[in-house]
Amino acid sequence: MLKSAVVFGTLITGHTLFAPQSLADDWRQIEAQARGQTVYFNAWGGSDVINRYIEWAAERVEQESGVQVELVKITDAAAVVTRIATEFEAGKLTDGSVDLLWVNGENFKRLKQQGLLADAWARELPNAANVDYRLPVETDFSIATDGQESPWGGAQLTLIYHPDRLESPPKNANELLQLARSNPGTIAYPRVPDFHATSFLKQLLLELSDEDASLYEPVTEANFERVTAPLWDYLDQLHPHLWREAKAFPQGIAQMHSLFADGELLMSLSFNPNDAANLVRAGTLPGGVRSFGFERGMLGNIHFVAIPGNSSSQAGAKVFANFLLSAEAQLRKADLDVWGDPSVLDPAKLPEPVAARLLDRDEAALPLATRWLAEPHASWVEPLEQAWLARYGSGR
Amino acid sequence: MILKLLGWVALLVCIAIYAPILGLVEPLLTLDLPLQYQQLFALAEFYPALLGTLVSTLGSLVLALALSYWLMGALVFTQSYHRFTRQLPILLAIPHLAFAVGLYLLLSPKGWLERLLYPLDIGVWVQDSFGLSLAVALGIKESWFLCWMIWSQLQRSELADQFLVAQTLGYKRAQIIRTILALQLLPKLRWPLVAVAAYSLSSVEMASILGPTHPPTLALLAWRWLLDPVVEQQQLGQALSFLLLTMLLILVLLIWSLPKLMGRQNPNGDRSKSNRVLGRPLLWSLLALHLVLGLLVLLWSVAHSWFYPALLPGDWSLRAWHSLALEPLVNSLVLGVGAALFAMVLVLLVLELNPLFTAWLLLPLFLPVLPVVVSQYFSLLRLDLAPSGWVVLVSHLLWVVPYVYLVLKPAYLGLPEHHLLCARSLGVRPLQLFFRLKLPLLLRPLSAAFALGFSVSLAQYLPTVFLGGGRIETLTTETLTRFSGGDKRILGAQALLLLMVALLVFGIAQRLPQMIYPNRKAMH
């Protein structure tokens, strides 16, 4: 069944693109080159389920295409961007230490702007034909991807609560503030510049600025002052009621989950709509938890894989990226017992049973109907984090 | 002849391994330091981070010193003294990281202590903003090291005799510690104290688990900036790690003037009535703490779900153990054994060449790790080397060699001269002398050096991450990755594995002399 879906997808590609024959030939050539190559795939390695999934994919692609994928578990993608940049500076234009990188947003912007990425390739992948192009897969934080990264999964900011302890979850930022006031010390968000913390700030900013259009353009000083003023106002009111009066922040969502599970916090936070369901299965969260989003919608984005320009295993990296987009790999990724990361494929382009499985959601997960709020332009991240650190970074 | 030649080679290899230290002065040449410091001092994060760093560093120094004086003073020449000092190396062999993970599980919000005190609803926590919990953790961990240093001083100086004399004169322990031990030991403990200060000042592993988070300590800030893709941030990180070096220099001055600051207190003839130093209760409570930490790590590793306020896991599972990868274990073993053996060969050859003028080998112990690793990393880039296991092994040697040297040098100098003379006059050639006489005689210090070298390599975090490009996973790097992943069960399993490997290798090394010479008691 799955095989036929892939073949079906490939057929569509063959018919819709203008130079089908040469493209298929090109791909065959890439596959031939890829055989025997070793691909160092740098990906955040803090999650066991993700590591296991990647190892599964690595095994499958080795069987199928003879590409050996080595997972390099990293703690911070920004550090890898730095490493790649340093390699280019030191004149290392081939044999770079990274062949494929799990990336999006700010880090992609840096890689792209400094010219550290391999040229447009994402649309050449046969499986790219099945991608849902209604999702923001061709812009990454308002920056055109230009085929320099291939979509891997979708993500949406998700709030987690337990109906036994919180009857009606807040519907917007203002209700969140009320909740914090009436239950001091039970609401928290991680410390900036943690990725989830910054995302939470952006979520608040989008709501409090009424989705100001300038958030989707490169940041300017005047715009920044104007658009963020209500955010600081809000945080000034919120912070005294936060966990430990905002004199300390959880180090990341892992600690938030643990505090939430132990009843210290009323809510937790995730960027994976299925996370609550996953964490219950893993025993990290107690049964019965549910996910929710604000009325206006929740911040959503796509995460990608990109190939640095100095990789010498680019063909192998493409073959692996293509496999990651296959219906087989995407379905398995979306499986709650495996990882539970939403797919980027368009169910309409896939046969019925596959499509149905893609549309299925667990009751603990974020409702599928939650509106997507697009990520602000990537240039907002840095000033937003700096301003937060300048205001609240001292902890006093 | 061939030994001399190899000695020269070993010396050159050591110089190559140590060369990156010279890079520490590089920021002076390449950075506009006044400008960088101006920016640094203007940051809201800087001052609280400085406070947290000072509190944790000074606090750990004071606590480690106080605990070790107290313990050693209370136990010396008692029945438990011999047993305690024999078991000390085991406490030393416990990896810092495993200890930190245990404390985290005990003291984190809604952790085990809070569960134990559940009815009282008392919030206890690590990661306090002043760095107090980090200071306590470092203080306890480093106190074993200082105890060991004090023990070796008591072994070889006349202090032990003075202690006995004072005791026969009727002075009580507390008095003797205050008037005789404290002041005379201090000058001898200067270098160990500098090593403790250097470690506390730039510890990234312990600080990221137990240290303040908002903002973190200076070492963690510097580390974060150094990894930032923005060049200005990297320069700020370099400037900050240079500042850490400067802070260490100030601490060195402080440690040197400590004996003067304390002032002299002579025995004045009064014999105090009370003889209670409470050494044994202190020792037992510290040992009990270690036991509790070990049990907690074990319990978490086999728990499935374990929520507040349950004192024991609700249900059990071996999932965490199944999820552990084999690769970090193998890498740690290969790196540790490789680095320890290589360092032993280097140190022995250098000592054989010329045992004098080798004290510079100790230098890395007294330098903060972070700036040195940055300098190693730049050297790697200049040599255009790709990150690999070999590079990581060589980077570990910078810390393994000094510890191995620390153990082997006194042993080498203490080789019984008359045996050697005798052999030489019987016509034994140098090479034979080395292999047939010196090596067997050095067996016990050699196995101690191996154990120490292995545990030092096992504990390396920054060099492994920086110079391995993240590709070389060891038990230590994996434990910190697991910490960021936040699953306490897997964290527990990982930390326990780290602890077991450290203790196992240590145990084997300790028994090695007995195994090789079962019928030669003096060799054990």
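Excluded from the calculations below are hydrogen atoms, water molecules and symmetry mates; all remaining heavy atoms, backbone and side chain alike, are included. Reminder, nothing fancy here: chain letters follow the sequence lines and each chain counts from 1. Model, not experiment: these values are computed from the prediction.
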* B:Glu473 side, atom CD; A:Leu71 side, atom CG - distance, nearest 0.5 Å -> 7.0 Å

* Asked: So does B:Glu478 pair up with A:Lys73, basic N to acidic O under 4.0 Å?
  -> yes

* For B:Pro48 and A:Ser394, work out which heavy atoms get closest and say how close. => CG-O, 3.3 Å

* **Spacing of A:Leu259 atom CG and B:Tyr308 atom OH [to the nearest 0.5 Å]** => 12.0 Å

* Structure fact -> When rounded to the nearest 0.5 Å, the distance separating CD of B:Gln233 from OG1 of A:Thr82 is 10.5 Å

* Give, as side chain, backbone, both or neither, the part of A:Val80 having an atom under 4.5 angstrom from any heavy atom of chain B. => neither

* Spacing of CG belonging to B:Asp487 relative to OG belonging to A:Ser258, to within rounding of 0.5 Å -> 9.5 Å

* Would you call A:Glu264 and B:Glu114 a side-chain contact if the rule is heavy atoms closer than 4.5 Å? -> yes

* Indicate the atoms forming the closest heavy-atom contact of B:Phe307 with A:Gly283, along with that distance. => CZ-O, 3.5 Å

* Structure fact -> dist B:His214:NE2 -> A:Gln251:CD (nearest 0.5 Å) comes out at 12.5 Å

* Is any NZ, NE, NH1 or NH2 atom of the basic residue among A:Arg191 and B:Glu45 found under 4.0 Å from an Asp or Glu carboxylate oxygen of the other? -> yes

* Tell me, for B:Tyr104 versus chain A, whether the close heavy atoms (under 4.5 Å) come from the side chain, the backbone, both or neither. => side chain

* Contact part of A:Leu111 toward chain B, heavy-atom cut-off under 4.5 Å: side chain, backbone, both or neither? -> neither

* **Heavy atoms of other groups near B:Trp316 CH2, more than 12 under 6.0 Å** => yes

* **Portion of B:Ile490 that has a non-hydrogen atom of chain A nearer than 4.5 angstrom** => side chain

* Side chain A:Glu70, main chain B:Arg471, donor-acceptor under 3.5 Å -> no

* Among B:Arg115, B:Arg489, B:Arg382, which has the most heavy-atom pairs under 4.5 Å with chain A? -> B:Arg489

* Check whether B:Tyr47 gets within reach of chain A through its side chain, its backbone, both or neither, counting any heavy atom under 4.5 Å. => neither

* **Among A:Ala90, A:Ala79, A:Gly45, residue most engaged with chain B (heavy-atom pairs, under 4.5 Å)** => A:Ala79

* For chain B, the option from A:Gly96, A:Gly263, A:Ala85, A:Pro193 that forms the most heavy-atom pairs under 4.5 Å -> A:Pro193

* CA sep, side-chain torsions, deciding dist, call: A:Gln255, B:Ser108, side chain to side chain contact (heavy atoms under 4.5 Å, CB included) -> CA-CA 10 Å; A:Gln255 204 188 0; B:Ser108 59; 5.6 Å; no

* Which atoms form the tightest heavy-atom contact between B:Ala44 and A:Ala390, and what is the distance? -> CB-O, 3.5 Å

* Please round to the nearest 0.5 Å and tell me the distance separating atom CG of A:Leu279 and atom OG of B:Ser305. => 13.0 Å

* With a 4.5 angstrom heavy-atom cut-off, could you sort out which part of A:Gln386 is near chain B: side chain, backbone, both or neither? => side chain

* Name the region of B:Thr477, side chain, backbone, both or neither, that has any atom closer than 4.5 Å to a heavy atom of chain A. => neither

